[in-house]
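Heads up, the thing below is written out as C-alpha cells.
Quick note: numbers below take in every heavy atom, side chains included, and nothing from hydrogens, waters or symmetry partners. In what follows, chains carry the letters A, B, and so on, assigned in the order in which the sequence lines appear, proteins first and then strands, with residues in each chain numbered from 1.
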Number of protein chains: 2
Amino acid sequence: MSQARPSSIREIATKLGVSTATVSNALRGTGRVSSGLAEQIRLEADRLGYVPDHTARALRTGKSNTVGLLVPNIGQPLFPAFAQAIERAAKRRGLAVLIGDSQGDPQQQDFEIRNMVARGVDALIVIPTRGTTITQADVPIAVIDSAATTGNIAASDHREGGRLIARHLLALGHERLLILAGPENSLVARERVEGMCEVFRQAGVEPALQHSDATFEAGSILGRELDLRHFTACAAAYDALAIGFAIAVKERGCSIPEDMSLTGFDDLMWAQIVSPPLTTVRQDLEAVANHALAFVAGETGTSGIFPTKLVVRQSTARPSAFAKGGKHAE
Amino acid sequence: MSQARPSSIREIATKLGVSTATVSNALRGTGRVSSGLAEQIRLEADRLGYVPDHTARALRTGKSNTVGLLVPNIGQPLFPAFAQAIERAAKRRGLAVLIGDSQGDPQQQDFEIRNMVARGVDALIVIPTRGTTITQADVPIAVIDSAATTGNIAASDHREGGRLIARHLLALGHERLLILAGPENSLVARERVEGMCEVFRQAGVEPALQHSDATFEAGSILGRELDLRHFTACAAAYDALAIGFAIAVKERGCSIPEDMSLTGFDDLMWAQIVSPPLTTVRQDLEAVANHALAFVAGETGTSGIFPTKLVVRQSTARPSAFAKGGKHAE
DNA sequence: CTGTTAGCGCGTTCAA
DNA sequence: TTGAACGCGCTAACAG
C-alpha cells in the first residue's frame, strides 16, 4: 500500500526547487524562511506524507528523544503501574520509552544499561534491582528507589508511609504488632519498616520483625507458619506479602480484621479486590515518574521525595483483644 | 568518571594507523582482515571501551534492531505479562523493545504506530485496541489478537479455550449457565464465548449471555444486579470480570462454588489469590510472543494459533442443584 | 589475500 | 536562502 521509501527532505527540496536546508528550516520553524515558501513546503511535505527520520536526526543532533526505562521485574504488579506513569510523563515531553527488564539480576541490569546507552537513549530511568547501586553511565540517570539510596532522584516517602500505617494501627488500639518486613537488603522495605518502628517505639510498643521475600508466596508461607497468638495486628511492607499472608491465615481460621488487623503497602490493584479489602499506603506514581523525567530532561537538578497516602479499607479494625481478652481462633 | 565522547571507529583506526574500513571489518568479522591485525584491533577497541553507535549503524543499514510493542493498556494486568514475554523473546534475538500504550484510544494507537515507524523500529508487535484494525505501515507488523482478526499473526486459541471451560462445566453437571461475555466488539471475547456456546449447544444447553466491559468494575456491577436464581454456573470471558462478579455476589450471600460455580479466562495472577481460587484458562504467552517475534524477524511467514490450558481451581464444583433442588441463597 | 579510498544515508548547521 | 560539511559506521569498488 505505502511506498517502501518514505519521502525524504531531499525529495521535497527537489520538487520545489529549493535546498534541503530551507526545507528543514521551514518544517521546523527555525532560521528565516519567507512565510509563503514555508507554507508551500509544508503543503508539499503533507502531500508526500513526509515524516522526518528520527534516526538521521538523532545521528546529527546527538539526541534520540528516547529514554530507557529499566525495571527490576515487570511481572511484579507495581512496575507496570510505574511504567505506565513514566510512559505518560515521557509522552508529554515528546520522548519515547525503551523498556528493559533486569529480571532481578544485577548483571542483567548492568548489561541493559550499557545496551541502552549504546542504543543512544538520551537518559535512563532506573528502578534498581534490590541491593544494587547504579554505575554511572554516559547519560543522565534518574534512579527511583528510596530516599536513602545514594544517587536517588525520585522516590516516595516510604518512611512517612510507614509512619502513617503505624499511627493508624495505634489509633485503633493495637499494641501487639507483627511486621512483615520484606527483604533485608531492600532499602525501600527498610525505610517503610523503620517508619513504622519509629512511631511504635515512641508509643512504647516494640513490634516483632519478620524478614522474607516481598512475594505473595513468602507471605503465604509466613501466614501458615508463624505463631499468631501474640499479635493483634500485622503490618506488611508490601501488598503482595500482606495478601499472601491474609489468605494463609484465613485458612487457619484466623479472620481479618476480627482476629487480626492487616495492612499492606503500595495499593496494588489487588489490594481492593481481596477480601477484606486491604488497608494500605498508596504511592503517587505520577509524581515520582514526572520528577524522574523532569530530572533527566534537565528541568530540575534536585531529587524529589513525594508524599504517600494512607488508604483505609476493611482489613483493619479495633483489636478484638479488648473484648476477647487476647485469644485467637485456633 | 567516563569520557563524554565515547570512542569511535575512527579513533581506533588512527591509533593503529589503519583505515576505518578495516576496523569495521575486523570488529564484525566481515571482509578480509588478517587475524593478527584483527586481534590488535579488537584489543584496542576493548581498551578504549569502544561501543558501536547504534544510531549511526542504524542510519547506514536501515536496521535499528529495535521492535515497537504497542499494548492497549499496560494498566490491565494481562498486558504486562505479555510485554514481559515479548521482551524476553526480543532479547533472545538481540532486539530492544520500544514500548507504547494506546490507552484504549484508536487515535493514540495510530499515532504510536506512526511514531514508532518514524523512530526506525524494524518491526511492530501490536496488540490492538478493541474494535480496531491495524493500518498497514512500512514495517512488518505482527498483530496479536484473535484468530478471527484480519491480519492476525499470533494468538491463543481462544475458541478452544472456551470449549475447555464449557466441557468442564458440563462434566460437573451444570446445565443452567450464565456467560459474562465481555465487550461485543472484542473479537477475542467473541471467540471465547462462541467456543463455550458451541459446546453447550451441542449438549442441548442454551446459556444466557450478558455483555459488558471487560473490567473488574463491570463484573462487580453485574454481580450486584443480575438475577442469579436461574443459574448454577457462570462463565466469564475475562478473569477481571469473574473476580468483580465473585466479590459482588458473595456480598449478596451467594457463595462460590456452593451456590454457583464461576470461571474466568486468562489466569491472571489474581486468579489464584481470590477466594476461592478461580478456575480459568491460561494462555501460553511465551509461545505467542515468540511466534510474533519469529514472524517479524522473517523466520516464519504463517500465523500461529497456540493452545490454551484449563486450570481447575476451587471456584467450580458440582451444582448444589442436585442436592438442594435448584434453590439459591437469597 | 589484505587493506584502502570514497562516499552513502539524511536531517542539521554554519559560513557564505 | 543556500551549498557543503558534518555525525559515524558501513560497504562497494579499487589498489597493493
**Message:** Considering every strand and a 4.0 Å limit on heavy-atom distances, what is the contact class for A/R28: base, sugar-phosphate, or nothing?
**Reply:** sugar-phosphate
**Message:** Check A/E87 with A/R92, please: is the shortest side-chain N to carboxylate O separation under 4.0 Å?
**Reply:** no
**Asked** Quick one: is A/T20 getting a side-chain N or O under 4.0 Å of the C/dT12 phosphate, OP1 or OP2?
**Response** no
**Request:** Considering just the side-chain nitrogens and oxygens of B/S19, establish if one lies under 4.0 Å of OP1 or OP2 belonging to C/dG3.
**Result:** no
**Request:** Check whether any side-chain heavy atom of A/D284 sits under 4.5 Å from a side-chain heavy atom of A/T308, and report yes or no.
**Result:** no
**Request:** Examine the base of C/dC10 for any acceptor or donor lying under 3.5 Å from a partner atom in the side chain of A/R60, and report the outcome as yes or no.
**Result:** no
**Asked** With sequence neighbours left out, what residues match A/S35 under side chain to side chain contact (heavy atoms under 4.5 Å, CB included)?
**Response** none
**Request:** Name the nucleic acid region contacted by B/V23, choosing base, sugar-phosphate or nothing; use a 4.0 angstrom heavy-atom cut-off, strictly under.
**Result:** nothing
**Item:** Note: A/E112-A/R119 ion pair, threshold 4.0 Å (strictly below)
**Value:** no
**Item:** Rounded to 10 degrees, the angle between the two terminal axes of the helix from C/dC1-D/dG16 to C/dA16-D/dT1, each from five pairs
**Value:** 50°
**Prompt:** Is any side-chain nitrogen or oxygen of B/S8 closer than 4.0 Å to OP1 or OP2 of D/dC8?
**Reply:** no
**Request:** Would you kindly compare B/T30 and B/A56 by the position of their nearest DNA chain D nucleotide and give the one closer to the 5′ end?
**Result:** B/A56
**Interatomic distance where CD1 belongs to B/I9 and P belongs to D/dC6 [whole Å]** = 18 Å
**Message:** Using a 4.0 Å heavy-atom cut-off, does A/S24 contact any base of the nucleic acid, only the sugar-phosphate backbone, or nothing at all?
**Reply:** base
**Asked** Start at the 5' end of DNA chain C and walk down; is the nucleotide closest to A/A21 or to B/R57 reached first?
**Response** B/R57
**Protein-nucleotide distance (B/I41, atom CD1; C/dG3, atom P), rounded to Å** = 8 Å
**Request:** Would you indicate whether the side-chain heavy atoms of B/V67 and B/L95 approach each other to under 4.5 Å?
**Result:** yes
**Asked** Roughly how many Å is it from CG in A/L16 to P in D/dT2, rounded to a whole number?
**Response** 10 Å
**Asked** Between A/G17 and A/R10, which is nearer to the 5' end of DNA chain D once each is assigned its nearest nucleotide?
**Response** A/G17
